[in-house]
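What you see below is based on every heavy atom in this structure, not just the backbone, and it leaves out hydrogens, waters and symmetry mates.
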Amino acid sequence: MLTRFTRKAMNIIRNIPEGKVLTYGRAAVLAGKPNGARQISRLLHSMSEKYDLPWHRVINSKGKISLKPSQGYELQKALLESEGIRFSKNDTIDLRLYLWQVSFFNTP
DNA sequence: CCACTGACTACTT
DNA sequence: CAAGTAGCCAGTG
């Protein structure tokens with residue numbers, strides 16, 4: 001049984017457009033739980049495949065990929081770059097350019 | 001119900 | 001800037 005928060009979060013993540021990203025924290029806020037960032041990561045980890053979520057479009061608040069090398073890092077970076085996202089020298093994504101700007105999201 | 005775990009974050013050193 | 005810390009809360013056993 002999934003919580004309302006979890007379902008809402010999945011819905012939001014599914015709607016991240018190509019070439020844009022969301023941070024764990026932002027996704028949590030949009031799903032209605034400002035402190036639910038860790039649940040977002042759990043979601044992605046456990047059901048990104050089952051529910052066909054664009055898990056690679058979610059990164060941490062510093063604009064970096066949270067996965068470790070050989071644990072999915074390379075794959076995520078490749079997927080993002082294939083959508084046109086450019087990484088800075090220090091391997092960070094410029095959130096000013098790529099953060100999905102959504103002021104409201106309507107899902108009951 | 002309790003304990004433990006995290007692909008997190010904001011704040012302090 | 002890097003490293004440490006306290007708070008966070010759904011899932012799991």
Measure from the side-chain heavy atoms of [X] and tell me the nearest of [options].
| X | options | value |
| --- | --- | --- |
| A:Gln39 | B:dC8, B:dA7, C:dA10 | C:dA10 |
| A:Thr6 | C:dG11, C:dC9, B:dC8 | C:dG11 |
| A:Ala37 | B:dT9, B:dA7, C:dC9 | B:dT9 |
| A:Phe5 | C:dA10, B:dA7, C:dG11 | C:dA10 |
| A:Ser48 | C:dC9, B:dA7, B:dC8 | B:dA7 |

- Task: With a 4.0 Å heavy-atom cut-off, tell me which residues in residues 16-23 of chain A come close to DNA chain B, sorted by residue number.
- Result: A:Thr23
- Of all of residues 59-70 of chain A, which get a heavy atom below 4.0 angstrom from DNA chain B, listed by number? A:Asn60, A:Ser61, A:Ser66, A:Leu67
Write down the distance between [atom1] ([X]) and [atom2] ([N]), rounded to a whole number of angstrom.
| X | N | atom1 | atom2 | answer |
| --- | --- | --- | --- | --- |
| A:Ile40 | B:dA7 | CD1 | C1' | 11 Å |
| A:Arg4 | C:dC9 | CZ | P | 16 Å |
| A:Leu43 | B:dT5 | CG | C1' | 15 Å |
| A:Lys33 | B:dT9 | NZ | P | 17 Å |

- Same apolar cluster (I L V M F W Y, side chains within < 4.5 Å links), A:Leu79/A:Val21: yes
- Query: So what does A:Ser46 touch, heavy atoms closer than 4.0 Å: a base, only the sugar-phosphate, or nothing?
  - Reply: nothing
- Would you classify A:Gly36 as touching base, sugar-phosphate or nothing, given that sugar-phosphate means primed atoms plus P, OP1 and OP2, and contacts are heavy atoms under 4.0 Å? nothing
